[in-house]
Amino acid sequence: MASAPARSQNRSALKRAFERYPFLPALIILVVLMVLNGWFQPRSLSLSGVTGLIKTYLALMFLAVAQTYVIYAGDIDLSAGAIVSLVNVVIVAVMTALGGDGLSVMAALAVGIATGLACGLVNGLVVAALRLQAIVATFATSIFFTGLALYIQPVAGTPAPAAFWRTYGGRILEIPFVFYAVVAFAILLVVLVRTRLSLRLLAVGDGQQEAYQSGLPVTAIRMGGYALCGVFAALAAFCITGDTASGDPLVGGKMTLFSVAAVVLGGSALAGGYGTVVGSMIGALIIGFINSLVFFVGTPSEWQNLVQGLAILLALMAGVLVGRRARA
C-alpha cells in the first residue's frame, strides 16, 4: 500500500503535468473516441479513413487555432466563420476570373490571406483600439463580412477550378496532400510559439491592467491576436474550399461556435491567460470523431444533431471536471 508521502508526490506530479499540458484531458478523450470509432468501423482508422477525417476537419483545426489566439487575450471572435465564408468566395471568384491555372491559384491564395488579415485588423480595431465589447463588435462584423460574401456570390455552388481541389484531395509522391498541409501547419505553430506574441497574449488575458502597468502595448497585442485569427481563418477557408470544391457565402456559418467549443475542449480558458493551440487542434479532432461515431453507430438522421450536441457536451464536461480535479 502506497504511503501518504508517495501518494502526495504522485498527485503533485500529476498536477504539474496537467498545469503544463492543459490538453491532457482532451487527449484522453480523443484516444477513447478513436478506439470507439475503430470498434464500430475498423476502416475508420485505416490510412484512407484518417486521411478523409483530416481532409474534412482540417478547416476546423485551423479555425480553432485562429480562435485560440483571440481567446488567449480574453477576447472572442464571433466573426471567424464569416471570415471563412468571405475568403472562400473571394478565392473562388479570383481563381475563376484569372483562368483557374496554377498561377491564378497562387494569386487567389495571396488575395485570400490579405482578405483574412484585413478582416482580423478590422476586428482588432473595433475591439482593441475603439474598446467595444468583443462579443457584440465581432457579432456585428460577422454580419458585415457575411453581407460582403453574399454580394460577391449571392448563391452557393460556384465550382472551384479543378487545379485547386484536385491538389487538395490528391497525392504527392504517393502521400496525401493533406498530410503535407498538416506538417506545414505544425511548423507554422512551432514558429509562432517561439515568438513573443503568444506569451504576450497570454499575459494580457491573465490581467489587462497588470500587463499595461508592466509596459506591454496591450492594444497592439490584442490587435495582433485578431490579425492572427484572420490569417488562420483564411487558411481554414482554403481547406474548406478544397474539400467542397466550390464557393458558398454561408459555408462558415456553423463553424464559429464549433471553433469555440474546440478551444474549450482543448483546455483553454475563455477568460483568457491559459491554454494551448495543441489543445484546440485536439478539440477539433474530438468534434470530428464524435460526428463520425454518431454516424457509425447508425443514429437516425433526425436524431444526429441532438446526439452530436449531447456527446460534445459530455466530452466538455468530462474534460473540464478531470482537469479541475487534477489541478485541485
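Please read all numbers here as calculations on a predicted model, not as lab measurements.
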Peer 1: Rounded to the nearest 0.5 Å, how far apart are NZ of Lys55 and SG of Cys239?
Peer 2: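 The SG atom of Cys239 is 11.5 Å from NZ of Lys55, to the nearest 0.5 Å.
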Peer 1: Check whether any side-chain heavy atom of Thr241 sits under 4.5 Å from a side-chain heavy atom of Trp165, and report yes or no.
Peer 2: no
Peer 1: Where the side chain of Ser46 meets the backbone of Pro42, is there a donor-acceptor pair that is under 3.5 Å apart?
Peer 2: no
Peer 1: Using atom types as modelled, flag every donor-acceptor pair under 3.5 Å from a side chain in residues 296-307 to any protein atom, sequence neighbours excluded.
Peer 2:
residue, atom, partner, partner atom, Å
Thr299, OG1, Val294, O, 2.9
Gln304, NE2, Thr299, O, 3.2

Peer 1: Nearest 0.5 Å, what's the CG-CE distance between Leu235 and Met61?
Peer 2: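 Taking CG in Leu235 and CE in Met61, the distance rounds to 12.5 Å.
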Peer 1: Determine whether more than 12 heavy atoms belonging to other residues, nucleotides or ligands lie under 6.0 Å from atom CD1 of Ile135.
Peer 2: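 12 or below, so no.
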Peer 1: Any pair with a residue in residues 64-80 that passes salt bridge (Lys or Arg N to Asp or Glu O under 4.0 Å), sequence neighbours left out, goes on the list, sorted by first then second residue, please.
Peer 2: Asp75-Arg222
Peer 1: Going by heavy atoms in the side chains, are Phe258 and Leu63 under 4.5 Å from each other?
Peer 2: no
Peer 1: Do Met281 and Leu30 sit in the same hydrophobic cluster, where Ile, Leu, Val, Met, Phe, Trp and Tyr count as joined when their side-chain heavy atoms come under 4.5 Å apart?
Peer 2: yes
Peer 1: Taking all non-hydrogen atoms of both residues, which atom of Gly38 and which atom of Ser44 are closest, and how far apart?
Peer 2: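 Looks like N-OG, 3.8 Å.
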Peer 1: Would you call Leu86 and Cys119 a side-chain contact if the rule is heavy atoms closer than 4.5 Å?
Peer 2: yes
Peer 1: What is the distance from atom CG of Asn88 to atom CD1 of Ile83, rounded to the nearest 0.5 Å?
Peer 2: 13.5 Å
Peer 1: Work out which heavy atom in Ala73 is nearest to a heavy atom in Gln208; give both atom names and the distance.
Peer 2: O-NE2, 4.2 Å
Peer 1: Taking atom OG of Ser280 and atom CG of Leu60, what is their separation to the nearest 0.5 Å?
Peer 2: 10.0 Å
Peer 1: Only pairs under 3.5 Å count here: list side-chain donor-acceptor contacts from residues 89-113, not counting sequence neighbours, and write none if there are none.
Peer 2:
residue, atom, partner, partner atom, Å
Thr96, OG1, Val92, O, 2.8
Asp101, OD1, Ser104, N, 2.9
Asp101, OD1, Ser104, OG, 3.1
Ser104, OG, Gly100, N, 3.1
Ser104, OG, Asp101, N, 2.8
Ser104, OG, Asp101, O, 2.7

Peer 1: Check whether any side-chain heavy atom of Phe145 lies under 4.5 Å from a side-chain heavy atom of Ser79, and answer yes or no.
Peer 2: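 Answer yes - side chains close enough.
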Peer 1: For residues 243-251, which side-chain N or O atoms pair as donor and acceptor with protein atoms under 3.5 Å away, sequence neighbours left out?
Peer 2:
residue, atom, partner, partner atom, Å
Thr244, OG1, Ile240, O, 2.8
Thr244, OG1, Ser246, O, 3.4
Asp248, OD1, Leu250, N, 3.0

Peer 1: Would you call Gln67 and Ile76 a side-chain contact if the rule is heavy atoms closer than 4.5 Å?
Peer 2: yes
Peer 1: Can you check whether Leu188 reaches Phe232 side chain to side chain, under 4.5 Å on heavy atoms?
Peer 2: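 SC-SC contact between Leu188 and Phe232 confirmed.
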Peer 1: How close do Ala233 and Ala80 get, heavy atom to heavy atom, and via which atoms?
Peer 2: CB-O, 4.1 Å
Peer 1: So, Asn123 versus Thr141: side-chain donor-acceptor pair below 3.5 Å or not?
Peer 2: yes
Peer 1: Hydrophobic clustering (ILVMFWY, side-chain heavy atoms < 4.5 Å, transitive) - are Ile290 and Met34 grouped together?
Peer 2: yes
Peer 1: Just verifying a value: how many Å separate Phe40 CZ and Leu293 CG, rounded to the nearest 0.5 Å?
Peer 2: 6.5 Å
Peer 1: Would you kindly confirm whether Val278 and Tyr69 end up in one hydrophobic cluster when ILVMFWY residues are joined by side chain heavy atoms under 4.5 Å apart?
Peer 2: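 The answer is yes; both residues are in one hydrophobic cluster.
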Peer 1: Could you pull out all donor-acceptor pairs under 3.5 Å where a side-chain atom in residues 189-203 meets a protein atom, sequence neighbours excluded?
Peer 2:
residue, atom, partner, partner atom, Å
Thr195, OG1, Leu192, O, 2.5
Ser198, OG, Leu192, O, 3.4

Peer 1: Please say yes or no: joined through hydrophobic side-chain contacts below 4.5 Å, possibly via intermediate residues, are Leu228 and Ile71 part of one cluster?
Peer 2: yes
Peer 1: Which heavy-atom pair separates Ile29 from Ala315 by the least distance, and what is that distance?
Peer 2: CD1-O, 3.3 Å
Peer 1: Under a 3.5 Å threshold, yes or no: a donor from one side chain and an acceptor from the other, between Tyr274 and Asp206?
Peer 2: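 On atom types as modelled, these side chains do not qualify, holding no pair under 3.5 Å.
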Peer 1: Going only through I, L, V, M, F, W and Y residues with side-chain contacts under 4.5 Å, is there a path from Val87 to Tyr226?
Peer 2: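 Not linked; separate clusters.
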Peer 1: Could you go through Ser268 and Thr276, starting from their C-alpha distance and side-chain angles, then the distance that decides it, and tell me whether this counts as side-chain contact (heavy atoms from CB on, under 4.5 Å)?
Peer 2: CA-CA 6 Å; Ser268 295; Thr276 64; 5.5 Å; no
Peer 1: Which atoms form the tightest heavy-atom contact between Gly266 and Ala26, and what is the distance?
Peer 2: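 Minimum heavy-atom separation between Gly266 and Ala26: CA-CB, 4.1 Å.
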Peer 1: Looking at side-chain heavy atoms only, is the closest gap between Leu270 and Val260 below 4.5 Å?
Peer 2: yes
Peer 1: Are side-chain heavy atoms of Leu265 and Ile282 found at a separation under 4.5 Å?
Peer 2: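 Leu265 does not reach Ile282 side chain to side chain.
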Peer 1: Atom CG of Leu33 and atom CD1 of Ile28: how far apart are they, to the nearest 0.5 Å?
Peer 2: 12.0 Å
Peer 1: May I have all residue pairs that pass ring-ring contact (aromatic ring centres under 6.0 Å, His included) and include part of residues 168-188, sequence neighbours excluded?
Peer 2: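 Passing the test, one end in residues 168-188: Phe62-Phe185.
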